Amino acid sequence: MQALRALPSVDRLLSSGPGADLVDTHGRQAATEALRAALDAARAAVRGGAPAPDAAAICAAAAERLSADAASALRPVLNLTGTILHTNLGRALLAEAAIAAATDAMRHPAALEYDLATGSRGERDDHIAPLICELTGAEAATVVNNNAAAVLITLNTLAEGREAIVSRGELVEIGGAFRIPDIMARAGVRLVEVGTTNRTHPRDYRDAVTPATGLMMKVHPSNYRIEGFTRSVAAPELAAIAAAAGVPLMNDLGSGTLIDMTRWGLPAEPTVRQSVAEGADMVTFSGDKLLGGPQAGFIVGRAHLIARINRNPLKRALRLDKIRLAAIEATLRLYRDPDRLADRLPTLRMLTRPQADIAAQAARLAPAMARLLPGYRVAVIDCASQIGSGALPVETLPSAGLAISGDSGDAPERLAERLRAARTPVIGRIRDGALILDLRALEDDGALLAALA
Ligand SMILES: *Cc1c(COP(=O)(O)O)cnc(C)c1O
């Protein structure tokens with residue numbers, strides 16, 4: 001076929017001007033593969049009756065392939081979903097101090113397991129355990145990969161081959177694969193459910209105690225609420241029951257916070273300090289939920305129990321690297337100065353943004369957005385943000401944003417798809433036939449305009 005023979009060879013493409021540019025930018029191997037793929041596509045098109053594209057067109061097709069490939073799958077996005085701690089979008093953003101500390105740790109050797117005073121081997125947790133104890137009032141602390149890991153290793157250490165007593169009202173699933181019964185099975189612990197979904201009494205726990213009981217567990221029902229005719233046993237009372245039975249009480253807080261959120265007018269979430277003071281022997285919580293740090297799972301409580309966790313071989317499998325330890329330490333230090341925390345910790349800064357601020361931002365952005373999206377109506381609306389990640393599930397925060405809908409009844413899904421395809425993908429949510437962009441998490445107007453420009 002004449003037209004097929006008219007197509008250039010890969011070698012000729014590589015030595016052409018645009019081909020050489022591709023080699024420069026992406027390397028010879030990637031450029032060669034992309035040109036070969038573009039040539040294959042051209043051959044198929046020609047066989048289908050299309051005219052043969054010239055060298056420049058084939059190079060352009062290869063360039064498109066390469067740049068699509070080069071865009072990181074983990075590239076930044078704008079989270080305008082209204083859910084601040086969005087698990088699918090990576091939860092908490094780190095404070096600048098934490099970013100700087102992590103960057104330093106990446107670039108330089110660090111005294112991770114090295115005692116600078118004596119020159120001998122140290123423990124990696126020693127850097128942050130005292131700080132965690134100071135902030136929570138606990139005797140001892142350790143930290144692992146995430147809170148799921150914290151729950152797993154705590155159950156396994158305290159009750160492997162034994163029974164754990166949990167209320168039926170607290171057998172939570174935290175999205176995806178994290179379900180208390182499953183984690184318990186993997187930890188080698190037999191689950192003993194007591195009470196009913198809505199009501200569990202002190203005697204339910206007492207009656208379930210046997211010689212095989214290894215621990216009692218309380219789980220903060222982070223992402224749901226049971227209302228109406230309900231009864232649960234509060235932690236102080238359960239701590240007394242566990243103590244009488246001679247077994248430890250573990251309290252999985254999920255998010256938990258290091259500081260009372262109501263001081264910023266936010267809904268109350270249990271603080272770790274309070275849970276420790278209520279007599280839980282072990283408390284577990286997340287690093288990247290309300291705490292606002294990197295992914296991590298904290299375990300705080302009695303020193304002899306923490307020592308057993310540190311001796312569990314699972315600890316080695318679940319431990320943190322120096323980068324995250326550095327980020328955690330820097331994040332925790334910010335909590336020593338609560339007055340400035342809401343400025344420095346992005347999660348808290350976003351959660352505490354006054355609605356009037358967000359509404360003013362929406363009014364400012366609406367005309368520019370309407371210009372960037374011809375054929376769409378852009379309206380300023382009131383909306384409600386969620387904290388997310390299961391923290392404070394029922395309460396919402398009054399917020400504001402933009403409702404964007406097509407002039408000609410265009411499906412909002414199409415616009416959502418288009419915004420997801422932007423250079424910086426913009427993620428909103430669809431409601432009542434419009435795409436809603438909640439601006440609570442948009443700290444810089446320019447970021448949205450640039451993403452869509
Ligand atoms: C979120 C949550 C977990 C899991 O924490 P990760 O840090 O996501 O691993 C466990 N328990 C409860 C109650 C939670 O809310």
Side-chain angles (χ1 to χ4, degrees), residues 83-94 128 132 141-158 164 166-187 189 191 193 200 215-226 232 235 238 249-258 261 267-272 274-275 278 280 282-301 309 314-315 317-321 324-325 327-328 331-332 347 386-395:
T83 300
I84 301 306
L85 294 169
H86 200 302
T87 296
N88 307 134
L89 300 179
R91 291 196 186 158
L93 306 182
L94 295 198
I128 55 171
I132 302 170
T142 189
V143 60
V144 289
N145 180 57
N146 57 12
N147 190 36
V151 173
L152 174 72
I153 194 173
T154 304
L155 286 169
N156 178 262
T157 305
L158 268 48
V166 190
S167 161
R168 287 199 169 84
E170 297 177 2
L171 293 175
V172 307
E173 170 180 317
I174 313 290
F178 186 86
R179 293 169 144 198
I180 293 291
D182 298 345
I183 291 282
M184 214 167 260
R186 287 289 164 163
V189 176
L191 169 63
E193 305 174 24
T200 303
L215 63 79
M216 293 195 190
M217 183 183 192
K218 204 165 174 54
V219 185
H220 183 58
S222 354
N223 52 3
Y224 67 101
R225 180 164 298 170
I226 299 174
S232 63
L238 191 52
L249 171 65
M250 161 184 185
N251 192 348
D252 176 26
L253 290 184
S255 179
T257 83
L258 293 178
M261 293 279 144
E269 176 81 9
T271 68
V272 179
Q274 181 192 341
S275 303
E278 285 172 349
M282 291 297 230
V283 179
T284 52
F285 55 101
S286 267
D288 55 352
K289 292 185 180 173
L290 279 171
L291 195 147
Q295 179 187 299
F298 291 85
I299 310 170
V300 306
I309 287 189
L314 272 179
K315 177 71 196 305
L318 301 174
R319 74 181 185 186
L320 293 181
D321 66 301
R324 271 196 285 163
L325 281 171
I328 290 171
T331 306
L332 291 176
T347 300
Q386 282 191 323
I387 294 173
S389 284
L392 309 159
V394 183
E395 283 93 350

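All values derive from a computational prediction rather than experimental measurement. Whatever order the structure lists them in is the order used to number ligands and atoms, beginning at 1.
- Proximity to S286 (heavy-atom distance under 4.0 Å) selects the following atoms of ligand 1: 5 (O), 6 (P), 7 (O).
- Ligand-side atoms of ligand 1 in range of A148: 4 (C), 5 (O), 6 (P), 9 (O), range being under 4.0 angstrom from any heavy atom.
- For R186, the CZ atom is loosely surrounded, since the number of other residues' heavy atoms within 6.0 Å does not exceed 12.
- The closest donor-acceptor contact from the side chain of T284 to the backbone of V151 lies at 3.5 Å or more, if one exists at all.
- Close approach of ligand 1 to R91 (heavy-atom distance below 4.0 Å) involves ligand atoms 6 (P), 7 (O), 8 (O).
- For the pairing with L258, the side-chain contact (heavy atoms from CB on, under 4.5 Å) check across T271, T331, L332 returns one residue only, L332.
- Closest heavy-atom approach to atom 14 (C) of ligand 1 among the candidates K289, H220, K218: K289.
- Checked against a 3.5 angstrom limit, the closest N/O atoms of V219 and ligand 1 fall outside it.
- Distances from ligand 1 to the non-hydrogen atoms of D252 include at least one value under 4.0 Å.
- No donor-acceptor pair under 3.5 Å is formed between the side chain of E269 and the backbone N or O of T257.
- Under 4.0 angstrom from ligand 1, there are no non-hydrogen atoms of E170.
- Between the side chain of R324 and the backbone N or O of N145 there is at least one donor-acceptor pair closer than 3.5 Å.
- Taking every heavy atom of G254 and a limit of under 4.0 angstrom, the matching atoms of ligand 1 come to 2 (C), 11 (N), 12 (C), 13 (C), 14 (C), 15 (O).
- Side-chain atoms of L215 and M282, non-hydrogen and from C-beta on, never get closer than 4.5 Å to each other.
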